[in-house]
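See structure below.
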Amino acid sequence: MQNLEALQRILSSPQKVVIIPHQKPDADALGSCLALAGYLQKFSHEITVIAPTDYPHFLSWMKGNENVLVFEHSKEKIIEHLILNTDVIFCLDFSDLARIVPLDKYVSASTATKVMIDHHIDRKAFAPFELWKPEAAATAELVYDFICLLGGEQWIDVPIAECIYAGIMTDTGSFKFPSTTSKIHRTIANLMDIGVNHAKIHHHIYDTNSENRLRLTGFALKERLTILREYRTAYFALSSSDLRTYQYQTGDTEGLVNYALSLEGIIFAAILIEDTDKIKLSFRSIGGFSANNFARNHFSGGGHHNAAGGRVSGGKLENVVKTFTNLLPTYKESLLNSI
Ligand code: 5GP
Ligand code: MN
């Protein structure tokens, strides 16, 4: 990180600090925020974590979750007392303010010192302090590095370590994605030495399904999966009525897209989900085919080379499915040649 000493000087006296993850925060985004919050609290800073939207209940075990403010639920307080009237704003797991709409305009307007820590590809610079490494497996990995850069490794206690572990575990697909390095394993070993109970974290995140979530998964696999072998592509399309039938809760479709990618011979997978005002899309790929470019070029989104997301505002599900499938012939060559 450039200007680390200037940031260290700012943090050497108690500050009012706001920490923000991206919309619909996942374990990496929320875990990074709560790990950093836990660390900074030890130095008498006044910390508030503000999530732009709600997030899955399987993250609620993280220490500090009980104090997270969700923007949708307390807008005025958040804008006037926190964002516009704070000393430092940390932006974690995003590098484009468009990822925190509708908080973006208040963060832009705030005169606070902004610090961005992230690993997504399409950075749109907005902060004077940046720890931005697209090659990092997780923002939580960078938060760990950041704490070490500040010389604070010995302050990482079990709750902080658990949040970092959860972020790294989920963003590496439980340590299977190509982004998993020996450095990641060394960091994980350090977290385990601190006392992380890894089995407990896997259980909280992967084995606390509701019956509805499991049955929605079964329904999607049986009724809503389309396989287009000629494009080495498979996708799910879920309507809002499908979601209602299974009393959908935030997070219930997380990871579903990976089932499509697990099919032998499939290297590109998508899930299209109908929301009230938009269709949300998630893309996953294996090898050279860029999910990020696909999401960025056609669905106002982005993310990482092999995992990205996007959206269509106000579209109808069947039309967006058509738009998606109509794009595939253009990409046929790269889909078939991708290794
Ligand atoms: P997911 O498909 O799990 O929602 O997201 C996959 C990856 O793409 C994550 O790293 C996520 O942060 C990123 N992502 C998801 N939706 C969007 C989007 O609309 N815009 C951008 N730039 N990134 C996204
Ligand atoms: Mn991440």
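Each residue takes its place number in the sequence, starting with 1. One-based numbering, in listed order, for ligands and for the atoms of each.
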(request) Would you mind listing which atoms of ligand 1 come within a distance below 4.0 Å of any non-hydrogen atom of R311? (result) 19 (O)
(request) Distance to 0.1 Å, residue and atom name: give those for the protein heavy atom nearest to atom 16 (N) of ligand 1. (result) K280 NZ, 3.0 Å
(message) Do N212 and R215 pair up side chain to side chain, a donor and an acceptor below 3.5 Å, judged on atom types alone?
(response) no
(request) Report yes or no: do L256 and F58 belong to one cluster of Ile/Leu/Val/Met/Phe/Trp/Tyr joined by side chain heavy-atom distances under 4.5 Å? (result) no
(request) Verify the distance test for H119 against the Mn ion (ligand 2): any N/O/S atom under 2.8 Å, yes or no. (result) yes
(message) List ligand 1 atoms under 4.0 Å from H304, heavy atoms only on the residue side.
(response) 10 (O)
(message) I'd like to check which ligand 1 atoms, numbered from 1 as shown, lie under 4.0 Å from a non-hydrogen atom of R99.
(response) 11 (C), 12 (O), 13 (C), 14 (N), 15 (C), 16 (N), 17 (C), 18 (C), 20 (N), 21 (C), 22 (N), 23 (N), 24 (C)
(message) If we count only N and O atoms by modelled type, under 3.5 Å, do the side chains of N65 and S60 hold a donor and an acceptor together?
(response) no
(request) With atom 6 (C) of ligand 1 as the reference point, say which of R284, Q23, K24, E254 has the nearest heavy atom. (result) R284
(request) Report yes or no: do V70 and I78 belong to one cluster of Ile/Leu/Val/Met/Phe/Trp/Tyr joined by side chain heavy-atom distances under 4.5 Å? (result) no
(request) Could you check which N/O/S atom of D93 is closest to the Mn ion (ligand 2)? (result) OD1
(message) Nearest non-hydrogen contact with atom 23 (N) of ligand 1 belongs to which option: A291, G302, G309, G310?
(response) G302
(message) A side-chain contact here means heavy atoms from C-beta on lying under 4.5 Å apart; do D242 and Y248 qualify?
(response) no
(message) At less than 4.0 angstrom from any non-hydrogen atom of S282, what atoms of ligand 1 do you find?
(response) 1 (P), 2 (O), 4 (O)
(message) Side chain or backbone, does S300 bring an N or O within less than 3.5 Å of an N or O on ligand 1?
(response) no
(message) Of all the N, O or S atoms in D28, which has the shortest distance to the Mn ion (ligand 2)?
(response) OD2
(request) Is it possible for you to check whether K114 lies under 6.0 Å from the centre of the six-membered ring of F129, through NZ or CZ, and within 45° of that ring's axis? (result) no
(message) Any salt bridge linking D93 with R99? Criterion: basic side-chain nitrogen under 4.0 Å from a carboxylate oxygen.
(response) no
(message) Does the plane of the ring in F289 sit parallel, tilted or perpendicular to the ring in Y331? Use 30° and 60° as the thresholds.
(response) perpendicular
(request) Please work out whether the ring planes of F324 and F299 are parallel, tilted or perpendicular, with thresholds of 30° and 60°. (result) tilted
(message) Checking a contact table here: which protein heavy atom is nearest atom 9 (C) of ligand 1, and how many Å away?
(response) H120 NE2, 3.7 Å
(request) For the Mn ion (ligand 2), find the closest N/O/S atom belonging to D171 and write down its atom name. (result) OD2
(request) Nearest heavy atom to atom 20 (N) of ligand 1 wins, so pick from G301, A98, A308, A307. (result) G301
